[in-house]
Number of protein chains: 2
Amino acid sequence: MAAVSEPRWLSETEQQAWRAYLRGGRLLMDALDRGLAAHGLSLSEYEIISMLSEVPNQQMRMSELADLVVQSRSRLTHTATRLEKRGWVVREPCLGDRRGVLLTLTSEGRAKVGQIAPVHVEQVRANLVDRLTAAEFAALGDAMGAVATGLADEASPGETQ
Amino acid sequence: MAAVSEPRWLSETEQQAWRAYLRGGRLLMDALDRGLAAHGLSLSEYEIISMLSEVPNQQMRMSELADLVVQSRSRLTHTATRLEKRGWVVREPCLGDRRGVLLTLTSEGRAKVGQIAPVHVEQVRANLVDRLTAAEFAALGDAMGAVATGLADEASPGETQ
DNA sequence: CGGGAATAGTTGACTGTTCAAGTTGATTGT
DNA sequence: ACAATCAACTTGAACAGTCAACTATTCCCG
């Protein structure tokens, strides 16, 4: 049994950066969630219908969508059921793979996205984009992009792109 | 009733940055949560006992702590109860304000923090810090610090610092 | 001092998420 | 062509989080 090596603690500055990231991220998500809650949906629900609205045929495989919005398959199943009850989405069989389900945006769903999108983008600006310089925001995106790529790769290696 | 002004949509690059932030952030939090789950607690539980461990007397008012870790008071009440059942924390009356409760780390709690901290810091490094240059990570911290300050200020204006 | 408003914390019901198990259909190797 | 394995999705129970209502205490101010 090997000796446990000394932990590589964060420096004071690193610690501050990490805490700021955690705190800021939570505050931001809370603010966005509250903003959308006032219009009757959560951020993760909005992400789902918003993604669907941008894709050919407004439909996507459940698992593809789950990966895209980083939700477990089971969570997406439950959420999709709720969205379906509200009439924003329907399940369609997937031609060519009968195990599959295509989650499809309805026209009510499309309308909802159209109604919410301007509200949401304004909230993202007010709470994030407008608080940073363009360069800071770009750097943020790059950094988190690198993190995302690293983590996505280790989940399913060998299919970057 | 004023005309609704044209939404200030995100540019293509901004959109990408925002999506990367969302996706990367979720993947990161998931990874950290899984990492800690292997040791029997969640990230938000760890944050609580970790904060307590760094503070004089290892104790803090419920609401102060709730603000620090960005959890609702109600959520903290429930989580504290769970932590108390596991013996990592106890509630003590707050001298000088009989409404108050001091959440206090037990020695078992302190031991748990000591055991988990090295694991956790390693995961933060592996998934975040080590994937970025020092400058990128510092920029990330600064950016999210600005976001946090802005959002915290608007919650309780006039007490920056 | 006394009464109204604010603050600290809790409670329980409801909603959302996770987790492990189950079903059905595709794939692969022989 | 058939069994074994794997992938897509669902299910339901257990668990965590939210929300609104409630108790107890302190603060404010006339």
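These numbers were taken from a predicted model, which means no experiment stands behind them. In what follows, chains are A, B, ... by sequence order, proteins preceding strands, each numbered from 1.
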Tell me whether the OP1 or OP2 atom of [N] has a side-chain N or O from [X] closer than 4.0 Å.
| X | N | value |
| --- | --- | --- |
| R75(B) | dG17(D) | yes |
| T77(B) | dG9(C) | no |
| R73(B) | dT11(C) | no |
| R61(B) | dG9(C) | yes |
| S74(B) | dG17(D) | no |

Nearest to the side chain of [X] - [options]?
| X | options | value |
| --- | --- | --- |
| R99(A) | dC19(C), dG17(D), dA8(D) | dA8(D) |
| D97(B) | dT10(C), dC19(C), dT26(D) | dT26(D) |
| R91(A) | dC9(D), dG16(C), dA26(C) | dC9(D) |

Please report, rounded to the nearest Å, how far the [atom2] atom of [N] is from the [atom1] atom of [X].
| X | N | atom1 | atom2 | value |
| --- | --- | --- | --- | --- |
| D33(A) | dG16(C) | CG | C1' | 12 Å |
| E45(A) | dT18(D) | CD | C1' | 14 Å |
| L103(A) | dC9(D) | CG | C1' | 12 Å |
| L83(B) | dG17(D) | CG | P | 10 Å |

With distance as the sole criterion, do the side chain of H78(A) and the base of dG12(D) form a donor-acceptor contact below 3.5 Å?
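Per atom types, the contact qualifies.
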If you pin S63(A) and D30(A) to their nearest nucleotides in DNA chain D, which one's is more 5'?
S63(A)
Starting at the 5' end of DNA chain D, which residue's closest nucleotide do you reach first, L102(A) or R98(B)?
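Its nucleotide being nearer the 5' end, the pick is L102(A).
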Distance from D30(A) atom CG to S72(B) atom OG, nearest 0.5 Å?
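OG of S72(B) is found 9.0 Å from CG of D30(A).
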According to the interplanar angle, ranging from 0 to 90°, do the rings of Y21(B) and Y21(A) count as parallel (below 30°), tilted (30 to 60°) or perpendicular (above 60°)?
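Judged by the thresholds at 30° and 60°, the geometry between Y21(B) and Y21(A) is perpendicular.
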